[in-house]
Colleague: 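After the structure tokens below, expect a handful of questions from me.
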Amino acid sequence: MMQLLINGLIAGSLAALIAGGLALVYGVLGVFNMALGQMALITGYCTWWFHQVLHLPLGISVICGLIVGGLVSWFVFEIFVNPFYKRHRFLPLVTTIALSMILDGLILLIFEEQPHAIIPGIKDTFQVMGAWVSSMQILLVLLTVLLMMIMGYVLHSTSFGRKIRAVVQHDQAAMSLGIKAPLLHRYIFIMSGVLAGLGGIYLGIDQSLTPVFAFPITIKAYAAIIAGGKGNIWGAILCAYLIAFLEQFAVGIHWFGLFYIPAGYQQAVALLFIIFFLLFRPNGLFAGRARTA
Amino acid sequence: MDFFLHIIVLIGTFLPTILGYNLVFGKGKILHFGPMGVSVITGYCFIVTLKSTGSFSLAILSGLIAVTLISLLFAWLSLRLNQDAFGVMSIAVHLSALAVVLNWNSLTRGALGIPQIPRPEFLSSVADFAIAAIILSIVTVYIVRKIDKSSFGRQLQALAEHEWHAKSLGIDRNRVHVLAFIICGIGIFLSNLIYLPYLTLLHPNDYQFAGMVFYVMIVVAGMPGSVWGATLSTVLLLALREAVRFAPLSASVLGPVRLMLFGFILFVAVYYRRDTLFPKQRSI
């Protein structure tokens, strides 16, 4: 049971990083970025390349990887989102599907299908209350919590954060008060790409990077933000953890002492559970009321 | 010659799916990304029944029941959830269906797929399949054109343009959307009915999300909602997809290059259709 909790915490931290940034984009711009998983993987692969091919120290490789991730996000925003989202917010959904195919092709051409671990080899694991965990995993979970705290501070206690929340609540009202919403849109999109990139690096350090991870990353992140309620960042983060715990417990528990659910159903069980919840609360589990005046 | 016939079979078997999907996504503007999920469920129901009973009639009946139920499920989800949530959740249902197919080994043979699918007696050669595909295409285009021009088609379009206004004119959204999903499902089933015996193999790899993206690309490129546009883009893009096989590239390069090429085509298509793909709601 403890091992399942720890596994859920580790997987949830990865998902929360991605879903948190994405919830901001979805709340502010109302757009879907279906290439998010590929963007996360590209940052992860670049970090792998800096660390394993150029032999740069891990910290510098991570920073370089994040810079590349930020630049890719900026490029994606300018080419695949900005020209479209003001015409109709569903257009970027299709353009980013196109982008996901292009990035998938690029990843396959450059890095091929075999797994790439940023830190290869056996991890130094030890036992915590009966559960096996590595020091790197603990570090990653703590870093995620720290990042969430910084995000919370920025969003709730700084002028920049208040502007973001104002734009989330009512774009045009915020603009009428002098907030440069289009510029914030750009910042938020790049920030979401960098957070997703961190998720990619996290994945590359904790497990390994393969192109097949891209699509499930995107879908689970969207399931979390939809279940969390539109524009509710903390709801999205909570639901990201919820999905991760569901995935772990669904296949890890001996149900009624009779059967185990095969591991292959892990993702399906969590997604179906979210769909089931949404049927009763279509606006999300933690949906708030939007301001109208 | 066989390759030419093969292309005809592919086009003929794709058309019912594409035209059905065009009705939901292109004309109805419903963010439905689940047709591949409908296809995998009906395909497996049809083939598993066929392999276990040997009866085409029973297999068709089982496929029809499956397609009706799964279409109703999607319709219910679309009526219950908002557009965005439905878009993502339709993908989630597809992935879940695929997970079941891949893991229920005793029934579906998992990742191995189901080989040696029997063919009906009157469809024994590629030429027979090509003739059947041509007939199916003509009948499908004719019926979908009729549906498109009927009051049902106009109601679907009105709901897509402005749901509240359409409802105020007495259009029943539930009825129209449920019918649209069922028509789309029947198109998918008709495609499976010819395509799977033609291939004689049912493989889960054919039902990945990449296939769904190809459907979206065809509908967008052919002008969403247009029957002739979708038909023409099906012919051109399928021919292009098959022709790319002959490019002088190794298999490890060809796959990614094809992905990138189709991604680029989809992007260009959306760029040129950006004002018509999801038109802004009319205001008075």
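First the proteins, then the strands, lettered A, B, ... as listed; each starts at 1.
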Colleague: For a quick test of reading the model, state the closest non-hydrogen atom pair linking A:L109 to B:P256 and the distance between them.
Modeller: CG-CB, 3.6 Å
Colleague: Please name the pair of heavy atoms, one in A:M101 and one in B:L259, separated by the smallest distance, quoted to 0.1 Å.
Modeller: CB-O, 3.7 Å
Colleague: Once you round to the nearest 0.5 Å, how far does CE of B:M212 lie from CD1 of A:I97?
Modeller: 8.0 Å
Colleague: Which residue out of B:V268, B:V220, B:L266 racks up the most heavy-atom pairs below 4.5 Å with chain A?
Modeller: B:L266
Colleague: What's the separation between atom CG in A:L91 and atom CZ in B:R273, rounded to the nearest 0.5 Å?
Modeller: 12.5 Å
Colleague: With a 4.5 Å cut-off on heavy-atom pairs, point out which of B:M217, B:Q83, B:R258 contacts chain A the most.
Modeller: B:Q83
Colleague: Please report the closest heavy-atom contact between A:A98 and B:G263, naming both atoms and the distance.
Modeller: CB-O, 3.2 Å
Colleague: For each of A:L106, A:I107, A:D104, tally heavy-atom pairs with chain B at distances under 4.5 Å, and name the one with the top tally.
Modeller: A:L106
Colleague: Counting only heavy atoms not in A:W74, do more than 12 sit closer than 6.0 Å to its CH2 atom?
Modeller: no
Colleague: For A:Q172, I'd like to know if atom CD has over 12 heavy atoms of other residues, nucleotides or ligands within 6.0 Å.
Modeller: no
Colleague: Checking B:L261 against chain A: side chain, backbone, both or neither under 4.5 Å from a heavy atom?
Modeller: neither
Colleague: Using a cut-off of under 4.5 Å on heavy-atom pairs, state which of B:L95, B:N103, B:L77 scores highest against chain A.
Modeller: B:N103
Colleague: Given heavy-atom pairs under 4.5 angstrom as the criterion, report whether the side chain, backbone, both or neither of B:V253 touches chain A.
Modeller: both
Colleague: If you measure from CG on B:L81 to CD1 on A:I226, what distance do you get to the nearest 0.5 Å?
Modeller: 8.5 Å
Colleague: Measure distances from A:L103 to the heavy atoms of chain B and classify the residue's part below 4.5 Å as side chain, backbone, both or neither.
Modeller: neither
Colleague: Can you tell if the side chain of B:L102 reaches within under 4.5 Å of the side chain of A:Y265, non-hydrogen atoms only?
Modeller: no
Colleague: Could you tell me which portion of A:I79 (side chain, backbone, both or neither) has an atom closer than 4.5 angstrom to a non-hydrogen atom of chain B?
Modeller: both
Colleague: B:F214 versus chain A, heavy atoms under 4.5 Å apart: side chain, backbone, both or neither?
Modeller: neither
Colleague: In terms of heavy-atom proximity below 4.5 Å to chain B, should A:F90 be classed as side chain, backbone, both, or neither?
Modeller: both
Colleague: Using non-hydrogen atoms only, which part of B:Y271 is less than 4.5 Å away from chain A: side chain, backbone, both, or neither?
Modeller: both
Colleague: Is it true that, when you exclude A:E113 itself, more than 12 heavy atoms of the residues, nucleotides or ligands shown sit nearer than 6.0 Å to its CD?
Modeller: no
Colleague: Under a 4.5 Å heavy-atom cut-off, does chain A meet the side chain of B:I91, its backbone, both or neither?
Modeller: side chain
Colleague: Please walk me through it: do B:V88 and A:F32 pass side-chain contact (heavy atoms from CB on, under 4.5 Å)?
Modeller: CA-CA 9 Å; B:V88 174; A:F32 281 104; 3.5 Å; yes
Colleague: With only heavy atoms counted, which part of A:F84 is less than 4.5 Å from chain B, the side chain, the backbone, both or neither?
Modeller: side chain
Colleague: Taking C-beta and beyond as the side chain, do A:I219 and B:F209 meet within less than 4.5 Å on heavy atoms?
Modeller: no
Colleague: Counting only heavy atoms not in B:F264, do more than 12 sit closer than 6.0 Å to its CZ atom?
Modeller: no
Colleague: Quick check on A:I102 against chain B: is it the side chain, the backbone, both or neither that has a heavy atom closer than 4.5 Å?
Modeller: both
Colleague: For a quick test of reading the model, state the closest non-hydrogen atom pair linking B:D275 to A:R87 and the distance between them.
Modeller: OD1-NH1, 2.6 Å
Colleague: Quick check: are there more than 12 heavy atoms from other residues, nucleotides or ligands sitting under 6.0 Å from CE of B:M223?
Modeller: no
Colleague: Pick one of side chain, backbone, both or neither for B:V100, based on which atoms fall under 4.5 Å of a heavy atom in chain A.
Modeller: both
